[in-house]
Structures are given as C-alpha cells and as structure tokens.
2 protein chains.
Amino acid sequence: MKQYTYKMGLTKSEIFTEQQNKIALIAKVFGHPARVAILEHLFRINSCVCGDLVDEIGLAQPTISQHLKELKHLGLIKGSIEGTSVCYCINLENWMNMKKVMLVFLDQDISKVNLC
Amino acid sequence: MKQYTYKMGLTKSEIFTEQQNKIALIAKVFGHPARVAILEHLFRINSCVCGDLVDEIGLAQPTISQHLKELKHLGLIKGSIEGTSVCYCINLENWMNMKKVMLVFLDQDISKVNLC
DNA sequence: TTGTTTCATTGCAATATTACGATTAATAAT
DNA sequence: ATTATTAATCGTAATATTGCAATGAAACAA
C-alpha cells in the first residue's frame, strides 16, 4: 500500500512510525466534510459521476474534482471513464484495509488508562 | 459535545451535515502523526507530563504543547496541574464518544456498494 | 529573594489547504 | 466539421498548519 507513504509537507514524518504516518494520512483525507460526504454518497448510491456530486454537495466542479483526486490518491475510490463522464465508486478492498488500520488505532486498550 | 462545532477556515461547513462536520473535525485532529503518537503514548503510559512527550516524540517543546492543545480542544485528553508540571491523560468518556462517531462512519454498509 | 524547572504563549517563516474562475482535453451529438 | 457535455487541470487568493526560537507565567528549591 504505497498510498500511505507520502510526504506531509512541514510535518517531520521521518520521526514517526510507519503506522503512525499511515493513520495520520488516512485521517487527513477524512478531515474535510466534503470528502466525508462524497464517500457517504458513494456508499448510498451504487454508481456515481462527478456531476452528480457537484449537485449533491454544492461545491464548484473543480473543487469536487480536487477532493475526488485526494480520495483516489489514497485508493479509497476508483473511477472508470464512461463516455464523457467518469463513474466513481468505492474501492472496497482498500476501504477494508484502511478500516483495519484505523480500528487498531481506535480500539486501544483502555483497561490500563490512568485518569487524572 | 460542543467540541465538534468549530469553524474550519475556508471550509464551507454550513453546507454539510453536523455528522459530516463532526467526523471531519475528529479526523483532522488525527491527521498528524505527532498527535497519533501522543495519544498512543498516553494509552501505553498511565500518566504523563509534557516533558516526557518532548523526549519521547522528538519535536520541540512548543510544538508538542501546541499539539496537546488541539487534543485538549477536541476533549480527547485532559491535563491536571501537579506543581510545575502538567499531568495529561486520556479523557475516556470523550474518547468513547469520539469512537462511536468514527465507527458509524467506518462501518458503512458495504453490501449494496457497486463496483466499477 | 534568586534561581530553576516546567509548560504555555507569542511571533514568525515555510508550506499546505480550500475554493473557484478560466481553460483544456476528450468524447458525444448534430 | 461544429457544437455541447463532462471532468481534469491551471492559476490564484484567502486562510490554515507546522515548527521553533524567544519569552512569559507559575510553582518549587536554595
């Protein structure tokens, strides 16, 4: 999964574990409501083109296109060209892998946590 | 949980659902490996002060302090003053609530997803 | 009191993100 | 061939993020 190995700008990625960088890169993509909305829409609707999303979400076409690019970059969606339009959908295999990574982080052992 | 209702800069939060904004705000905080590392450290170690984290993580003290502030802001950690140092720990109740929100998003129904 | 420790805050430079108008590229329709 | 449709890309403005040196504030130690 080379999607998870990007540089993060000013972020000093090299001092963190691969796992920590993975989680951060995934989370960063989820860190915008438009991308959350796009994913939810793709889960609800079977098939989808970019134009639908522009109407559905209410941002300009270049903006949606840019968000789609980031989701594609992480591998969570894939698009297939159909005439003049592009059919985007969830990349299930990568979604499952992503989920696994996030669950390891979210399901941390709380039994030994000290309260202060 | 008023932690989830912040403005997101250029982001047009008003056109998204409260749920979508919640998820994005949580994810944004997880979108930096230092904050992931801090949380993992707080789960591993019972109690913790900022200085420990500076040594542990390898960023300058003001940088760690800033990341701690964001985690505190979302309510995922809380700090209690102990002399000259501050004891930070996980806010378990808020952690559980956060987890619930994220799991609803991650555990979306994949049975009806169309592949393309 | 004077210094020491510890963490927060301020200020700033470098870079990233968000959003959109304008344009381009590619296909489809007439 | 010409025009329409659709989505990607470019360019740019506004804003946010990251990181750290310098400084500040508060509690403790001598």
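Throughout, protein chains are lettered first and strands after them, A, B, ... in sequence-line order, and every chain is numbered starting at 1. For clarity, every value in this text was computed on a predicted model and none was experimentally measured.
- Of the listed nucleotides (D/dT9, C/dT18, C/dA16), C/dT18 has the atom at the smallest distance from the side chain of A/His32.
- Atom CG in A/Leu25 sits about 12 Å away from atom P in D/dT18, given to the nearest Å.
- OP1 or OP2 of D/dT17 has not a single side-chain nitrogen or oxygen of B/His67 nearer than 4.0 Å.
- One N or O on the side chain of B/Asn21 and one on the backbone of B/Ser13 form a donor-acceptor pair closer than 3.5 Å.
- Here the nucleotide nearest the side chain of B/Lys28, chosen from D/dT9, C/dT9, D/dT17, is D/dT17.
- A straight line from CG of A/Leu59 to P of D/dA7 spans 15 Å, rounded to a whole angstrom.
- Annotation: B/Phe105 is in aromatic contact with A/Phe30 [ring centroid separation under 6.0 Å].
- Of all nucleotides listed (D/dT6, C/dC20, C/dT18), D/dT6 comes nearest to the side chain of A/Ser85.
- For C/dT6, the OP1/OP2 oxygens have no side-chain nitrogen or oxygen of B/Tyr88 closer than 4.0 Å.
- The nearest whole Å value for the distance from the CD atom in B/Glu70 to the C1' atom in C/dT9 is 14 Å.
- Side-chain heavy atoms closer than 4.5 Å link hydrophobic residues (I, L, V, M, F, W, Y) into clusters, and following such links, possibly through other members, connects A/Leu71 to A/Met96.
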Just distance, no hydrogens or angles: give the donor-acceptor pairs under 3.5 Å from side chains in residues 56-69 of chain B, sequence neighbours left out.
residue, atom, partner, partner atom, Å
B/His67, ND1, B/Arg35, NH1, 3.0

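- Linking Ile, Leu, Val, Met, Phe, Trp and Tyr whenever their side-chain heavy atoms come within less than 4.5 Å puts A/Leu103 and A/Val29 in one cluster.
- Each of A/Gly58 and B/Leu68 lies near DNA chain C, and the nucleotide nearest B/Leu68 is the one positioned closer to the 5' end.
- Following rounding to the nearest Å, B/Leu53 (CG) and C/dA8 (P) show an atom-to-atom distance of 10 Å.
- Listed nucleotides D/dT9, C/dT9, C/dC7 differ in distance to B/Lys69; the shortest reach to its side chain belongs to C/dT9.
- On a pure distance criterion of 3.5 Å, no polar donor-acceptor pair joins the side chain of A/Gln66 and the base of D/dA8.
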Taking N or O atoms only and anything under 3.5 Å, show me the protein contacts with nucleotides 26-30 of chain C, one pair per line.
none

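- Set against C/dA19, D/dA8, C/dC20, the side chain of A/Ser65 has D/dA8 as its closest nucleotide.
- You'll find the side chain of A/Ile38 reaches within 4.5 Å of the side chain of A/Leu42, heavy atoms only.
- In this entry the distance linking CG of B/Asp52 with P of C/dC7 reads 8 Å, nearest Å.
- The number of heavy atoms from other shown groups lying within 6.0 Å of CG (A/Leu92) is above 12.
- B/Lys72 has no side-chain polar atom (N or O) that falls below the 4.0 Å cut-off from OP1 or OP2 of C/dA8.
- If you check every strand for non-hydrogen atoms under 4.0 Å, A/Thr63 touches a base.
- No more than 12 heavy-atom neighbours from other residues, nucleotides or ligands sit within 6.0 angstrom of CD1 on A/Ile81.
- Per the geometry, CD belonging to A/Gln61 stands 15 Å off P belonging to C/dA25, to the nearest Å.
- Rounded to whole Å, atom P of D/dT17 lies 14 Å from atom CG of B/Leu71.
- Side-chain proximity of B/Cys50 to C/dA19, C/dC7, D/dG19: nearest is C/dC7.
- Atom CD1 of B/Ile64 and atom P of C/dT9 are 15 Å apart (whole Å).
- Here the side chain of B/Val86 is nearest to one of D/dC10, C/dC7, C/dT10, namely C/dC7.
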